[in-house]
Amino acid sequence: MSFRVRVIALVMLIAVTATGATAWLTLRQASREFDRTVTANAEQLSLITTELTDFARTRGSWNGVDDLVGRLSLHTGQRIRLAATEGTVLADSDVLAGQPAVGSPGRRWSSTPARSGSRTPQQ
């Protein structure tokens, strides 16, 4: 085998090894970030669920839940949409922030003040 062929083979081996190492490191980093994101989302969901459950347990109703939903949304950066079992939206952090309620086609909020606890969507 000539010197040129050996040099070209060595350069190709180095290039393939470097590419493989880069791909492995990238995959490892992406996997670590994904796991971290999943863990953070689970922690946020647990916090939101615990806070809302405690609110309902201590108050016995959802009156005034808008303030809690707004605070939790600001704290977690998540959209929070609380709905009754029949589908009536009790609080939506997007609506509270003045944004359109994504995922609620054909629904709009009444003009009842948020603190009264009687906000319901209108068809």
Linking I/L/V/M/F/W/Y whenever any side-chain heavy atoms sit under 4.5 Å apart, do Phe3 and Val11 land together?
yes

Given 3.5 Å as the limit, does a donor-acceptor pair link the side chain of Thr88 with the main chain of Ala84, or not?
no

Value rounded to 0.5 Å, distance of CD in Glu33 from CZ in Arg28
12.0 Å

To the nearest 0.5 Å, what is the distance between CG (Leu13) and CZ (Arg6)?
14.5 Å

I need the minimum non-hydrogen distance between Val65 and Ala91, along with the two atoms involved.
CG1-CB, 3.9 Å

About how many Å separate CG of Asp94 and CZ of Arg79, when rounded to the nearest 0.5 Å?
4.5 Å

Test of understanding: clusters of I, L, V, M, F, W, Y form through side-chain heavy atoms closer than 4.5 Å, transitively. Do Leu68 and Leu47 belong to the same one?
yes

Taking every heavy atom of Gln78 against every heavy atom of Ile48, the minimum-distance pair comes out as CB-CD1, 4.4 Å

Could you check whether any side-chain heavy atom of Thr39 comes within less than 4.5 Å of a side-chain heavy atom of Glu43, counting everything from C-beta outward?
yes

Counting neighbours of CZ on Arg4 that are heavy atoms of other residues, nucleotides or ligands and sit closer than 6.0 Å, is the number greater than 12?
no

Which heavy-atom pair separates Val69 from Asp92 by the least distance, and what is that distance?
CG1-C, 4.5 Å

State, to 0.1 Å, how close Leu96 and Asp66 come at their nearest heavy-atom pair, and which atoms those are.
CD1-O, 3.4 Å

Separation between OG of Ser2 and CD1 of Ile8, rounded to the nearest 0.5 Å
7.5 Å

Just verifying a value: how many Å separate Asn41 CG and Arg36 CZ, rounded to the nearest 0.5 Å?
13.5 Å

Test your reading of the model: is there a side-chain donor-acceptor pair from Thr22 to the backbone of Ala18, 3.5 Å cut-off?
yes

Any idea which heavy atoms bring Trp62 and Leu82 closest together, and the distance?
CE3-CD2, 3.6 Å

Check this for me, if you would: do Arg57 and Asp54 make a salt bridge, where the nitrogen-to-carboxylate-oxygen distance has to be below 4.0 angstrom?
yes

Hey, could you give me the OG/CD distance between Ser73 and Gln44, rounded to the nearest 0.5 Å?
10.0 Å

Is there a donor-acceptor pair under 3.5 Å between the side chain of Thr58 and the backbone N or O of Phe55?
yes

